Amino acid sequence: MAEQVQAVLERMVAPLKDLRDRGIFSEEEIRAIVNRRRQSEYLLQRRGTARQSDYLRYIEQEILLEKLRKLRKQKVMQEQHEERRRRRLEGLDDSDNDDDGENDDGTSNQGRKNGKGKKKHAYQSSGPGDSHIISHIHFLYQRLLKKFHYPVEVIVNYAAFAREHKSFHVMSRVYAEGLQHHPREEGLWIEAASFEFFGHIAQDNERSETTKLVGSSIQNARVLMQRGLRINGKTSQELWLQYFALEMHYVQKLRGRREILEGAKAKDDASDEDGDEDSEGERGKVTSVSNSMLLPSQIIYKNAIKSIPDNIQFRLRFIETCRQFPQTSELERYIMESVESDFGESVEGWVARISYGEEKLRRRIAKGKGGGGQVGFLANADDESGEDEGEDRPRKKARVAAQDPALILLDQALEAVPTAKMYLEGARYLRLRIQRLVGNTDDDEEEEDDVSYLMLQGEDVQTAVQRHVGLLDWLYSKATENGISSTSLTLDQVDFLLSDDEAEKAEKLLCTVSSSSDANAQLYLRWAQLSRELEASGVATSSSPERILRYALEATPIHNRSAYLLILTELMQTLMMQTRSTKRNEELKALLQKLLLLSQGVADNDAVRSIYTGALFNSNYGKSCVGKSSEEISAMKSFFDTCLHFERSIASTDHARNKKDMKNKKKLRLCKLYESAVAFFESIQGGAFRRLVDEYQRGLDDVKYGL
């Protein structure tokens, strides 16, 4: 071990001596650096006990040392510049004779530069010590990778370090070795391909201001992405999307080159008044060239949907990628045609088509009529819209088309897929448009123009809001006429009515729907909540929250355990907040017995905790035994014991699994239960339940102190 450490340290002698001689570090600092490195090397050489954190700590220390070296070098160079300037002003600069002259002691300046005279002076600008620390960090990273079999996070950090310090050849080797060990890591494939395509900025030296882009290769990037897809193509959506984006970036690069090379010719053609036919022919050629440029991206998309055919969200992400690049309307249209053909009868497919139609309309109106003289895909898209280019689009209250294409698609979707899910998506879509309109009702012209695509010609914002509200009412009415209903659709309609200040109408709707045979716990609970809110505001309701929950408890089958427990817990909390009476006490006792029986077989731990949390901690019923009968107190003792038994069993299981954090959390829950039980039975005067209090107190001490 000592021999290996000494061999590593001996390789540092020359560069550290150079840093000392040039005044970057002092003698004491060099000695401290060597001592620290020796300690770190001994940690790395420990047989069988070396840790990854030791390597990372060592590397972090070296990175900080490199930052200090750069600062010190800048300081030394600045002092050198000031000293030369001072000597020049004093007339003492004899640099013209520095090359071949001799000093008083007979040694030449040339000999000093070659190291044959006195030691190097502090004004030497560079030396072997400049690259020593960076080389040492590379050496540490390589040892770390080999020692721990190329962990992914270390590969990523090493590549980032190499990029930051312009070690691009090392960076290529790091990616290659990382992909050999982790071919299933899609992020490594993407990072490596990105490095190959975008290249790097090269400088002649640290002080040079001239830079150039080198290493950019679309061929290498394509090879990497294709290799990654051969291995991960069936499962990795991100690789397909990044390969698609890679080709789009390459198309943009080609377009930029073409604009630079043919810009002057295009301007001459545009200024020729007699060459209209030739100009149209050139535009057709440009469109044809643009289409051919996008063919690789189209082929990638075809192969992607063959590998992952049943995911519509995957296809929509290609649309989002296209929108990040100009002149991609034709490619977006092709993607949407594939969505329509493969998902034409699905709700997701119609939602995607509606959203795409609205976004297309918004971009066209924001851009202005006539396309602004664009060519290629954007010009074709504007031409196909059928708009009259002779008119001027108004600044406000703007809608070019007489009808809203997105709403037309929505109507077609409701006819093609008359399901509750489709109606729910349509209602949410209309409510989203209303929110956008309501959020832009101020007088700011720019903000109002942002929602101009939601308004018909001649409409203002308020009129557009009323039109959308009418459409939403029509959608709900149509669903009712066709017998289409669901819990989510009903709750969405209730939320809409409440937002429109029609709480009484919403309460009547819940009353009507909850009376049907297919009502569920969510409708009953929402009805009880709304009834409670209306009663608090002084509005008469069709039924009280207690009656609603009692009816819900009778209508819900007990084998539907989760729904039954929700209603049962809500009814108990409602009764606990009411004025105490003998009848309510008897009802609470019966409900508590049901709760005890049902909680025994619940598999979900959080569900059980929600049951006893509501009864013991979120109400006054479980805080005091004053005014309760002996039967109620006995039932509460059984309830406390059941909850404690439940938490003990969970805590023992977690202890067997050696989950320290979970064990501490469950210990806190047990302490809280014991403290609640002690407070409950101590609340009565006279010490009638002293035996129970002492019993629970001993249990609390056992849990707290491990007695």
Side-chain angles (χ1 to χ4, degrees), residues 553 558 561-562 564-577 580 584-657 659 662-707:
L553 201 62
I558 197 169
R561 186 185 296 262
S562 59
Y564 196 88
L565 283 173
L566 283 174
I567 298 173
L568 180 60
T569 307
E570 185 69 21
L571 179 56
M572 286 184 63
Q573 293 179 0
T574 303
L575 293 175
M576 290 174 185
M577 292 186 295
R580 303 295 303 278
R584 283 199 176 91
N585 289 341
E586 293 296 328
E587 186 177 3
L588 275 173
K589 177 182 175 182
L591 293 175
L592 185 57
Q593 291 174 350
K594 285 185 179 181
L595 194 60
L596 289 171
L597 292 173
L598 290 173
S599 62
Q600 298 296 324
V602 178
D604 188 1
N605 299 336
D606 293 333
V608 176
R609 292 190 184 101
S610 66
I611 293 171
Y612 75 70
T613 299
L616 298 180
F617 307 133
N618 297 338
S619 68
N620 293 323
Y621 186 82
K623 294 182 179 179
S624 174
C625 60
V626 178
K628 292 183 175 62
S629 64
S630 59
E631 291 82 2
E632 288 180 282
I633 294 175
S634 177
M636 285 299 297
K637 181 182 182 305
S638 300
F639 189 61
F640 277 117
D641 292 341
T642 302
C643 297
L644 289 168
H645 175 72
F646 166 75
E647 288 295 348
R648 283 197 202 95
S649 62
I650 298 300
S652 63
T653 302
D654 289 337
H655 178 69
R657 295 178 182 176
K659 294 183 178 179
M662 296 299 295
K663 182 181 176 181
N664 292 334
K665 291 180 180 178
K666 291 177 178 63
K667 180 179 177 180
L668 294 176
R669 294 191 188 102
L670 281 170
C671 291
K672 192 173 182 180
L673 283 172
Y674 275 115
E675 290 171 353
S676 178
V678 170
F680 179 82
F681 290 106
E682 271 187 340
S683 60
I684 192 169
Q685 298 295 331
F689 301 104
R690 174 53 53 189
R691 184 180 60 82
L692 289 177
V693 171
D694 293 341
E695 179 184 345
Y696 286 121
Q697 186 64 47
R698 284 194 299 270
L700 177 61
D701 294 338
D702 290 342
V703 172
K704 276 187 175 180
Y705 308 112
L707 300 177

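These figures come from a predicted structure and were not determined experimentally.
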- Is any side-chain N of the basic residue among Asp694 and Arg698 closer than 4.0 Å to the acidic one's carboxylate O?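 No salt bridge links Asp694 with Arg698.
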- Message: Can you list everything that forms a ring-ring contact (aromatic ring centres under 6.0 Å, His included) with Tyr674? Sequence neighbours excluded, please.
- Response: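 Here no residue qualifies.
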Atom [atom1] in [X], atom [atom2] in [Y]: separation rounded to 0.5 Å?
X      : Y      : atom1 : atom2 : result
Phe689 : Glu695 : CZ    : CD    : 13.0 Å
Tyr696 : Leu644 : OH    : CG    : 6.5 Å
Leu673 : Leu668 : CG    : CG    : 11.5 Å

- Message: Test of understanding: with side chain to side chain contact (heavy atoms under 4.5 Å, CB included), list the residues that count as partners of Leu571, not counting sequence neighbours.
- Response: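 Listed in chain order: Leu549, Arg550, Leu553, Leu575, Glu587, Leu591.
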- Task: State which residues pass side chain to side chain contact (heavy atoms under 4.5 Å, CB included) with Lys704; sequence neighbours excluded, sorted by chain then number.
- Result: Cys671, Glu675, Leu700
- Before giving the answer on side chain to side chain contact (heavy atoms under 4.5 Å, CB included), spell out for Phe680 and Lys637 the whole-Å C-alpha distance, their side-chain angles and the decisive distance to 0.1 Å. CA-CA 10 Å; Phe680 179 82; Lys637 181 182 182 305; over 6 Å; no
- Message: Test your reading of the model: is there a side-chain donor-acceptor pair from Thr574 to the backbone of Glu570, 3.5 Å cut-off?
- Response: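 Looks like yes, one N/O pair under 3.5 Å.
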